[in-house]
Amino acid sequence: MRRTLALIGILGLATFTVIPVAVAESEDKIGICHATASAQNPYVGIEVSLNGLNGHGDHGDDIIPPNSFLPEGLNFDAEGQAIFANGCVVAGVDPTPTPVPTETETE
């Protein structure tokens, strides 16, 4: 009887330690807006696995929607939501600036 209870206890502990890992590895990828530090293209949309958010959660300027790893998301306020919904493009910023013509000297 004691062996049976011990086995049940061990199996119970093993279940708690295995299930969270299996769930984290089986979840789909998540789209985020990764900050680029570029004035013309401040964000680029990328997909990472939830396990990959470990590194991006440390990037304070990325825009990450709420998920099981970061329940609050990151920078997902009204402005971040608007940028995310716009395909990681900041409204009013032209990602390909128009070249300004320069005057040429005449002799």
Side-chain angles (χ1 to χ4, degrees):
M1 181 69 171
R2 286 185 182 175
R3 279 188 179 175
T4 304
L5 290 177
L7 181 60
I8 291 172
I10 290 170
L11 290 175
L13 288 175
T15 302
F16 286 116
T17 58
V18 172
I19 289 177
V21 172
V23 170
E25 291 176 358
S26 68
E27 291 192 68
D28 295 334
K29 292 185 175 187
I30 184 170
I32 68 170
C33 296
H34 178 67
T36 65
S38 165
Q40 279 75 35
N41 191 22
Y43 297 99
V44 62
I46 63 172
E47 283 191 339
V48 296
S49 70
L50 287 178
N51 289 335
L53 285 178
N54 289 330
H56 287 279
D58 295 336
H59 298 176
D61 45 1
D62 287 350
I63 299 172
I64 302 174
N67 56 77
S68 60
F69 182 73
L70 293 169
E72 303 285 322
L74 183 65
N75 299 318
F76 211 67
D77 54 7
E79 181 182 6
Q81 289 178 31
I83 294 168
F84 185 81
N86 197 31
C88 299
V89 176
V90 178
V93 174
D94 186 3
T96 54
T98 306
V100 177
T102 59
E103 293 183 31
T104 56
E105 286 186 30
T106 55
E107 295 183 25

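Counting only distance, with no hydrogens or angles, the side chain of Thr36 and the backbone of Pro42 share a donor-acceptor pair below 3.5 Å.
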For Ile32 and Ile63: C-alpha separation, side-chain torsions, deciding distance, then whether side chain to side chain contact (heavy atoms under 4.5 Å, CB included) applies.
CA-CA 6 Å; Ile32 68 170; Ile63 299 172; over 6 Å; no
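Gly31 approaches Pro65 most closely through the heavy-atom pair O-CD, 3.4 Å.
In this structure, NZ in Lys29 is found 12.0 Å from CG in Leu53, a value given to the nearest 0.5 Å.
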Listed pairs under 3.5 Å, donor-acceptor, residues 70-79 side chains, sequence neighbours left out:
unit_1: Asn75; atom_1: ND2; unit_2: Gly60; atom_2: O; d: 2.6
unit_1: Asn75; atom_1: ND2; unit_2: Asp62; atom_2: O; d: 2.7
unit_1: Asp77; atom_1: OD1; unit_2: Glu79; atom_2: N; d: 3.4
unit_1: Asp77; atom_1: OD1; unit_2: Gly80; atom_2: N; d: 2.9

Please report, to 0.1 Å, the donor-acceptor pairs under 3.5 Å made by any side chain of residues 82-93, with sequence neighbours excluded.
unit_1: Asn86; atom_1: ND2; unit_2: Val89; atom_2: O; d: 2.9

